[in-house]
**Student:** 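I'd like to ask you about the structure that follows.
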Amino acid sequence: MSISQTSAIAPKRAKAALGGLRKVAASFAVILTTLLGLLVITFVVGRMVPADPVIAVIGDQADHDTYERVYKEMGLDQPLYVQFATYLGNVAQLNFGQSHVTKNPVASDLARVFPATLELATLATIIGAVFGIPLGIISAVRKGTWVDHLARVVGLLGHSTPIFWLGTIVILVFYAKFSLIPGSGRLDIYNEGLVEGPTNSILIDAVLASEWEVFWDALLHVAAPALILGYAAMAYLSRMSRSFMLEQLRQEYVLTAKAKGLGQRAIVWRHAFRNIRVQLLTIVALAYCGLLDGTVLIETVFAWPGLGQYLTSALFFADMNAVLGSVLLIGIISIAINLLSDLTYRFLDPRTR
Amino acid sequence: MATRYFNDLHNWLINEEFSSLRQARLHKAYVLWLNLIANPLALAGFLVVLALVLIATLAPLLANHDPILQDLTMALKPPSPINWFGTDEFGRDVYSRLVYGARTTLYISVLVTVIVAPIGFAIGATAGYLGGWVDVVLMRITDIFLSFPSLVLALAFSAALGPGIENAVIAIALTVWPPIARLARAETLTFRAADFVVAAELQGAGMGRILFRHIVPLCAPSIIIRLTLNMSSVILTAAGLGFLGLGAQPPMPEWGAMAASGRQYLLDAWWLTTVPGIAILLVSLAFNLLGDGLRDIMDPRNA
């Protein structure tokens, strides 16, 4: 009896494992094509630039022979597909070329500025999730009451406010008029370079080194940009979690739970909330990707030395290597976040297995 | 007399026993209108959008100064009865520039919509209708464009194309079409196997005819709602590009660029940044409210 049972189950398991493997392979194929598409876009954008890339390197004073030599050295006489292959090879070796402005390799510049953006965007996502998700759930539970209307107005305002403008107004009011917050950067100048830590996040490094003064200073600097970005994330997250929650509350199990005398708190948090946890995780990941957009503008306003400011200042000086490197990095981060949320979704939601 | 005429008109429009196709269509529009004015937030959004269109059209009549003419003796004057919203660093009247800036905003958002709607629909509907590898290829391309944060993609394209309002339109359009294509595909898939589509196929209708005569009218409401809601992000992206100096070029008045140039004089001239920012906020909020309202009315499934 038991032998026949196991022998019947074993091929089923093997089949399921094979199916799972095929799904993973398929999603890897998707990731690869997306990545390739991303590279095609950045390559095409780099080729579309109206400025002559040779003159950008040697200047317009150089003679004809130098021009010809550099033109060949840069591989511009090769057919496009060869150039694209060279580009792929360079990117695979993390070689994004040199920045004309900083005179450093773009890759090392990106490694330098990225932690600042990571810190800001992560903090903003946490703020958005901590305030947005409960707000959305409460307004779903109390649909049609003043709480719901208030949440809707707050959310719509967050959707509609130009983020760079909000940042400017915050600087005007809280920095210029009331001197409550520092105006720009990550730290005051006298705290600069005091902590060098393993994580490159000044907040965490300061805690690890027990430099409380530095921590407090960094917190003050990050507060305004993180709150503004967090507000934008909150607007999105509250709207989405409201509609997820409404969908759950319409289900019949809620009626059953009510009928057996369960309180509202238990229904909402112990039953409905558990069912939307995975969906919430996905939209938090999406919000994180969306914030990468916002950081470009908000970093420019607050002179936050991150990826966004690097990108905009490179744009200003027509430093195309730096622009394309930053754009590619942002695209890769988006893909990585989406992949990560997809995998967690598969792992946490038994229906998708 | 007039009231009686309006009563008759109302009765003719609300009557559901149509005597002509025209009456049926007008009835639909009339019911939509009645629903719209019953929803105060959507109505407010509609009125602001209407005001934007009117201001843009009547800009030469509404502006009381030349929006481009510089007068350095009048630079950075605070709001006054002559310059309602003050003057900027070149002595230009902010109110007049705001009024003309409505044209820029409307120009960008309408042009983007006109470009994006047919392209997005064509790609999405083709993918949904044909299925198979065409679907896979088209949707992979769509997903690639979707995987970029939209402002960053628009930044990259307008950096490559060079600054300027037409290039900003192209750059924004390149970031807006993917969600429309996804929506059109989803809508097409729901109607793909419907009996009336199969019947049309059996009568020998080609793909183009089926898509444009049968699928377009059914997809239209959800695509229009999506486009209306998109307007606000188009306006915000355009303002962001203008803020970074990649949108409309000086001296053309554009709200994002106006807000950006005011940052240098933030302490002395608060109106330079505040006023255009509020204009952007109002218009983008209005499109959001209108889109939300339209969705509640036209597409009750997703309300």
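Proteins get letters first, then strands, A, B, ... in listed order; numbering begins at 1 in each. Atoms considered below: every heavy atom in the structure, side chains included; atoms not considered: hydrogens, waters and symmetry mates.
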**Student:** Just wondering, more than 12 heavy atoms not from A:Arg242 lying within 6.0 Å of its CZ?
**Tutor:** yes

**Student:** Specify which of B:Gly240, B:Ala286, B:Pro276 makes the most heavy-atom pairs with chain A at under 4.5 Å.
**Tutor:** B:Gly240

**Student:** Tabulate below the donor-acceptor pairs under 3.5 Å that side-chain atoms of residues 164-176 of chain A make, not counting sequence neighbours, or state none.
**Tutor:**
from, atom 1, to, atom 2, distance (Å)
A:Trp165, NE1, B:Thr273, O, 3.0
A:Thr168, OG1, A:Phe164, O, 2.7

**Student:** Can you tell me which of B:Leu153, B:Leu289, B:Asp292 forms the most heavy-atom pairs within a distance under 4.5 Å of chain A?
**Tutor:** B:Asp292

**Student:** Quick check on A:Leu36 against chain B: is it the side chain, the backbone, both or neither that has a heavy atom closer than 4.5 Å?
**Tutor:** neither

**Student:** Taking 4.5 Å as the heavy-atom cut-off, does anything in residues 166-177 of chain B contact chain A, and if so which residues?
**Tutor:** none

**Student:** Of all of B:Gly262, B:Gly245, B:Ser150, B:Ala260, which one pairs up most often with chain A through heavy atoms under 4.5 Å apart?
**Tutor:** B:Ser150

**Student:** Between B:Ser233 and chain A, which part of the residue has a heavy atom less than 4.5 Å away: side chain, backbone, both or neither?
**Tutor:** neither

**Student:** Sort out for me which residue in A:Ile337, A:Ile332, A:Ile335 forms a side chain to side chain contact (heavy atoms under 4.5 Å, CB included) with B:Ser147.
**Tutor:** A:Ile335

**Student:** Can you say whether B:Ile141 sits under 4.5 Å from chain A via the side chain, the backbone, both, or neither, judging by heavy atoms?
**Tutor:** neither

**Student:** Measure A:Thr34 against the heavy atoms of chain B and call it side chain, backbone, both or neither at under 4.5 Å.
**Tutor:** both

**Student:** Identify the heavy atoms of B:Pro149 and A:Leu292 that sit nearest to each other, and give their distance.
**Tutor:** CG-CB, 4.2 Å

**Student:** Just give me the residue among A:Ile330, A:Ile163, A:Val296, A:Val40 that pairs up with chain B most often, heavy atom to heavy atom, under 4.5 Å.
**Tutor:** A:Ile330

**Student:** What is the minimum heavy-atom distance between B:Ile144 and A:Gly37, and which atoms define it?
**Tutor:** CD1-CA, 3.6 Å

**Student:** Relative to chain B, which of A:Ile41, A:Val323, A:Asn338 shows the most heavy atom pairs under 4.5 Å?
**Tutor:** A:Ile41

**Student:** Can you tell me which portion of B:Leu155 sits under 4.5 Å from chain A's heavy atoms? Options are side chain, backbone, both or neither.
**Tutor:** both

**Student:** Does any backbone or side-chain atom of B:Ala259 lie under 4.5 Å from a heavy atom of chain A? Answer side chain, backbone, both or neither.
**Tutor:** side chain

**Student:** To check you understand the geometry: which heavy-atom pair defines the closest contact between B:Arg263 and A:Thr300, and what is its length?
**Tutor:** NH2-O, 3.7 Å

**Student:** Just checking heavy atoms, which of residues 38-48 of chain B are less than 4.5 Å from chain A?
**Tutor:** B:Leu41

**Student:** For B:Leu236 and A:Ser160, work out which heavy atoms get closest and say how close.
**Tutor:** CD2-O, 3.6 Å

**Student:** With sequence neighbours excluded, give me every salt bridge (charged side-chain N to carboxylate O under 4.0 Å, His left out) pair touching residues 135-162 of chain B.
**Tutor:** B:Asp135-B:Arg185, B:Arg140-B:Asp143, B:Asp143-B:Arg182

**Student:** Can you name the nearest heavy-atom pair linking A:His159 to B:Ser232, along with the distance?
**Tutor:** O-OG, 4.4 Å

**Student:** Examine whether an atom of A:Val44 lies under 4.5 Å from a heavy atom of chain B, and if so say whether it belongs to the side chain, the backbone or both; otherwise answer neither.
**Tutor:** neither

**Student:** Heavy-atom distance under 4.5 Å to chain A: side chain of B:Leu244, backbone, both or neither?
**Tutor:** side chain

**Student:** Where does A:Leu315 contact chain B at under 4.5 Å (heavy atoms): side chain, backbone, both or neither?
**Tutor:** side chain

**Student:** Considering all heavy atoms of both residues, which atom of A:Val45 and which atom of B:Ala156 are nearest to each other, and what is their separation?
**Tutor:** CG1-O, 3.5 Å

**Student:** In terms of heavy-atom pairs under 4.5 Å with chain A, which of B:Thr274, B:Val283, B:Ile280 leads?
**Tutor:** B:Thr274

